[in-house]
Q: 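Could you have a look at this structure, given as C-alpha cells, before my questions?
The shown structure was predicted, so the numbers you read here are calculated from the model rather than taken from an experiment.
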Amino acid sequence: QAQVVESGGGLVQPGGSLRLSCTTSGIIFSIYEMVWYRQTPGNQREWVSGITAGGMKKYSEFAKGRFAISRDNAKNIMYLQMTDLKPEDTGVYYCKAEAIATHLEDYWGQGTQVTVSS
C-alpha cells in the first residue's frame, strides 16, 4: 500500500528552524517528482517547493533563500530544511508525490503542523 507521511513539524520561535521529512513507502520513489505544499490560515493551499526525479530544485518566492529541499533516493525520503521562520509561515505543510507516468497515481500526505510564534 502506498503511503506518504510527513513529520518534523512543531512550535518554533520567529527566526528559528525546522526540518520537515516526507517518508514514502509502496511507490517507486526515484521516478516521482516530490513537492511540498502548505496551507496557511485563511488561505488556499499553495506550492512551496519541488524537486524532480533528476534532482532539479524549484522554490516559491517566499521560500527562496530560507528553505532548502532535498531527497534521499536510497531512503525514499524528501526533506525541507526551513530557516529564518516567520509567523506567516505558520500552517499545515503537505508532501505530494507527483507521478510523471500518466498511469501512476499521485499521493498526498496528511500534513504536519508548523507554528511560528513568540
Q: Do R19's NZ or CZ and the ring of Y79 fall within the cation-pi criteria of under 6.0 Å and 45°?
A: yes
Q: Is R45 close enough and on-axis enough to W108, meaning under 6.0 Å and within 45°, for cation-pi?
A: yes
Q: Please test W47 against K58 for side-chain contact (heavy atoms from CB on, under 4.5 Å), starting from the C-alpha separation and ending with a verdict.
A: CA-CA 10 Å; W47 176 80; K58 296 179 179 180; 3.9 Å; yes
Q: What's the spacing between R66 CZ and K86 NZ if we round to 0.5 Å?
A: 4.5 Å
Q: In the single-linkage hydrophobic clustering (I, L, V, M, F, W, Y; side-chain heavy atoms under 4.5 Å), do L104 and I28 co-cluster?
A: yes
Q: Assess whether atom CD of Q110 is packed by more than 12 heavy atoms of other residues, nucleotides or ligands within 6.0 Å.
A: no
Q: For S25 and I27, run side-chain contact (heavy atoms from CB on, under 4.5 Å): C-alpha distance rounded to whole Å, both residues' side-chain angles, the deciding distance at 0.1 Å, then the answer.
A: CA-CA 6 Å; S25 61; I27 67 170; over 6 Å; no
Q: Give, for atom CG of N76 and atom CZ of R71, the distance between the pair rounded to the nearest 0.5 Å.
A: 9.0 Å
Q: In Å, rounded to the nearest 0.5 Å, how long is the span from CE of M82 to OG of S49?
A: 11.5 Å
Q: Let me check something: do W36 and V92 share a hydrophobic cluster, defined by ILVMFWY side-chain heavy atoms less than 4.5 Å apart, either directly or through other members?
A: no
Q: Within the distance-only criterion (no hydrogens, no angle test), does the side chain of D106 pair as donor or acceptor with the backbone N or O of A99 below 3.5 angstrom?
A: yes
Q: My understanding is that only one of L80, V35, I69 makes a side-chain contact (heavy atoms from CB on, under 4.5 Å) with I51; could you say which?
A: I69
Q: Any idea which heavy atoms bring Q81 and S17 closest together, and the distance?
A: NE2-CB, 4.0 Å
Q: Looking at I31 and I100, what are the two nearest heavy atoms and their distance?
A: O-CG1, 3.9 Å
Q: Distance check, rounded to the nearest 0.5 Å: L20 atom CG versus M78 atom CE?
A: 9.0 Å
Q: Answer whether the closest heavy-atom distance between the side chains of V12 and T115 falls below 4.5 Å.
A: no
Q: Within the side chain of S60, is there an N or O that forms a donor-acceptor pair under 3.5 Å with the backbone of V48?
A: yes
Q: Working to the nearest 0.5 angstrom, can you tell me the gap between L85 CG and S117 OG?
A: 12.0 Å
Q: Evaluate the side-chain contact (heavy atoms from CB on, under 4.5 Å) criterion for residues F29 and M34: first the C-alpha distance (whole Å), next the side-chain angles of each, then the deciding distance (0.1 Å), finally the verdict.
A: CA-CA 9 Å; F29 181 80; M34 299 300 297; 3.8 Å; yes
Q: Is any side-chain heavy atom of E46 less than 4.5 Å from a side-chain heavy atom of F62?
A: yes
Q: How close do P41 and G91 get, heavy atom to heavy atom, and via which atoms?
A: CD-CA, 4.4 Å
Q: Donor-acceptor pair, distance only, cut-off 3.5 Å: does the side chain of S30 make one with the backbone of N73?
A: no
Q: Would you name the heavy atoms of V4 and A97 that are closest together and state the gap between them?
A: CG2-CB, 4.5 Å
Q: Is there a donor-acceptor contact under 3.5 Å from the side chain of E6 to the main chain of G111?
A: yes
Q: Under 6.0 Å from the ring centre and within 45 degrees of the ring axis: does the NZ or CZ of R38 meet both conditions for the six-membered ring of Y94?
A: no
Q: What's the spacing between Y32 OH and E105 CD if we round to 0.5 Å?
A: 8.0 Å
Q: Check the pair F67, D89 against side-chain contact (heavy atoms from CB on, under 4.5 Å), reporting the backbone distance first and the verdict last.
A: CA-CA 11 Å; F67 298 177; D89 294 319; 4.0 Å; yes
